[in-house]
Asks: 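Mind having a look at this structure? Questions to follow.
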Number of protein chains: 2
Amino acid sequence: MTTPGAQRHDLIATLEDRGFRLTAPRRRVADSIEEQRDAFTAEYLCESVPGVGRATVYRTIKLLVESGALCKLAMPDGAPKYSLARVGHHHHTVCVRCGKVGDFRDSTVERMFRSLAKEVDGEIVGHRMEVYIDCSDCAAT
Amino acid sequence: MTTPGAQRHDLIATLEDRGFRLTAPRRRVADSIEEQRDAFTAEYLCESVPGVGRATVYRTIKLLVESGALCKLAMPDGAPKYSLARVGHHHHTVCVRCGKVGDFRDSTVERMFRSLAKEVDGEIVGHRMEVYIDCSDCAAT
DNA sequence: TAACTATATGATACATAGTGTCAATAACAG
DNA sequence: CTGTTATTGACACTATGTATCATATAGTTA
Ligand SMILES: [Mn+2]
Ligand SMILES: [Mn+2]
Ligand SMILES: [Zn+2]
Ligand SMILES: [Zn+2]
């Protein structure tokens with residue numbers, strides 16, 4: 001398993017590059033996302049930017065996911081979480097006890113998807129994979 | 001890729017085995033599920049059993065998913081779909097155009113998850129994987 | 001800079017996907 | 001059959017968004 005390295009995040013620049021206007025609400029949402037250490041829910045982000053409309057927060061998240069700057073993660077239960085996409089393509093571990101999200105890349109995974117491409121009925125246009133774990137911290141308790 | 005073969009489905013027996021009571025509403029829900037050829041949403045199932053309470057339909061689906069008799073599939077957008085679990089463990093293809101769901105097993109996939117077990121921080125307790133495709137039928141149009 | 005125009009905002013209503021409550025009902029053990 | 005307990009279904013409620021639309025503003029142009 002390769003832990004993806006850090007990378008610059010300039011979410012506002014991402015939006016600008018795509019031709020969207022740089023508004024104060026978008027700046028506040030983007031700044032707040034860049035401050036998040038862990039994966040977060042949309043509602044949590046809403047609370048972190050009081051005064052910014054809920055619809056605007058959801059709209060901005062959607063733009064960033066479409067831009068590939070944010071990962072959207074399906075949780076075993078409850079609302080999806082989002083995290084900065086630090087690498088182009090990777091997958092996630094989610095601790096089912098504490099909810100902590102980890103990023104990883106693994107050549108085995110990518111080989112598997114390539115192998116699968118020859119087998120499925122049609123063309124693979126995407127995939128989603130989450131690995132649910134009992135993380136070492138939680139297992140220690 | 002191995003296409004899982006057919007298998008008997010006796011959803012009511014599954015519930016009975018787990019110690020739940022065999023009620024008329026549960027029989028109607030189970031019968032309706034067994035009639036579904038393709039993956040279905042919870043709301044669709046509700047419509048297929050008029051007179052049975054919505055809460056009962058959702059509760060029955062949840063029991064069957066917990067029993068392993070139904071697969072719950074995350075769709076790219078919208079509500080999850082459910083389909084009969086014809087084999088013990090397998091994964092799904094979902095056509096992003098027509099929504100058609102396919103089951104598959106592939107030794108590459110299982111090897112990949114075994115290999116991953118040695119690499120992640122903690123113990124793998126589950127995983128979810130969906131492969132999104134443009135199916136051959138849709139590609140033909 | 002000022003005016004213009006398309007884009008974006010946010011209040012609000014609406015939609016969807018469920019879950020919690022609880023009085024009434026019914027399964028099933030004895 | 002009776003009693004106990006699981007189950008039901010109406011209803012309210014929560015969570016997670018999306019659609020509408022009057023208002024505001026970013027960025028362009030004069
Ligand atoms: Mn990630
Ligand atoms: Mn399946
Ligand atoms: Zn943990
Ligand atoms: Zn298709």
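A note on names: the letters A, B, ... follow the listed sequences, proteins ahead of strands, and every chain is numbered from 1.
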Asks: Atom OH of Y44(B) and atom P of dA17(C): how far apart are they, to the nearest Å?
Replies: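 After rounding, the gap between these two atoms is 15 Å.
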Asks: Within residues 13-23 of chain A, which residues have any heavy atom lying less than 4.0 Å from an atom of DNA chain C?
Replies: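 Those residues are F20(A), R21(A), T23(A).
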Asks: Is the number of heavy atoms from other residues, nucleotides or ligands under 6.0 Å of Y58(A) OH greater than 12?
Replies: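 Enclosed.
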Asks: According to the interplanar angle, ranging from 0 to 90°, do the rings of H91(B) and F104(B) count as parallel (below 30°), tilted (30 to 60°) or perpendicular (above 60°)?
Replies: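 Ring orientation, 0 to 90° scale: tilted.
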Asks: Nearest whole Å is fine: how far is dT19(C) C1' from Y58(B) OH?
Replies: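 Value for this atom pair: 11 Å.
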Asks: How close do M129(B) and L116(A) get, heavy atom to heavy atom, and via which atoms?
Replies: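 Closest pair (atom of M129(B), atom of L116(A), distance): CE-CD2, 4.2 Å.
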Asks: Round to the nearest Å and state the distance from I61(A) atom CD1 to dG10(C) atom C1'.
Replies: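 One finds 16 Å between C1' of dG10(C) and CD1 of I61(A), rounded.
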Asks: Flag yes if more than 12 heavy atoms outside F20(B) fall under 6.0 Å of its CZ atom; otherwise flag no.
Replies: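 More than 12 within 6.0 Å, yes.
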Asks: Roughly how many Å is it from CZ in R28(A) to P in dA8(C), rounded to a whole number?
Replies: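 For the pair R28(A) CZ and dA8(C) P, the rounded distance is 18 Å.
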Asks: Could you check how far NZ of K81(B) sits from P of dT16(C), rounded to whole Å?
Replies: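 The distance from NZ of K81(B) to P of dT16(C) comes to 16 Å, rounded to the nearest Å.
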Asks: Can you confirm whether the side chains of T14(A) and S67(A) place a donor and an acceptor under 3.5 Å from each other?
Replies: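 No pair is found: no donor N or O on one side chain lies under 3.5 Å from an acceptor on the other.
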Asks: At a heavy-atom distance below 4.0 Å, which nucleotide of DNA chain D is the first touched by chain B, and which is the last?
Replies: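 Terminal contacting nucleotides, 5' to 3': dT5(D) to dG9(D).
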Asks: Using 0.5 Å steps for rounding, measure from the NZ atom of K118(A) to the CG atom of D106(B).
Replies: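 Atom-to-atom, K118(A):NZ and D106(B):CG are 10.0 Å apart.
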Asks: Mapping R59(B) and G78(B) to their closest nucleotides on DNA chain C, which lands nearer the 5' end?
Replies: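 Nearest nucleotide further toward 5': that of G78(B).
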Asks: Taking only Lys NZ, Arg NE, NH1 and NH2, and the carboxylate oxygens of Asp or Glu, determine whether D38(B) and K100(B) approach each other closer than 4.0 Å.
Replies: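 No, this pair does not count.
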Asks: Between R27(A) and L22(A), which heavy-atom pair has the shortest distance, and what is it?
Replies: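 Taking every non-hydrogen atom into account, NH2-CB, 3.5 Å.
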Asks: What's R26(B) touching, base or sugar-phosphate or nothing? Going by heavy atoms closer than 4.0 Å.
Replies: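 Sugar-phosphate, backbone atoms only, no base.
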Asks: Which residue, R27(A) or P25(B), contacts DNA chain D at a nucleotide closer to its 5' end, judged by nearest heavy atom?
Replies: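 The 5'-side residue here is P25(B).
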Asks: Base, sugar-phosphate alone, or nothing: which one does R54(B) contact when heavy atoms must sit under 4.0 Å apart?
Replies: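 Counting heavy atoms under 4.0 Å across all strands, the contact made by R54(B) includes a base.
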Asks: To the nearest 0.5 Å, how far apart are OH in Y44(A) and CD in Q36(A)?
Replies: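 These two atoms lie 5.0 Å from each other.
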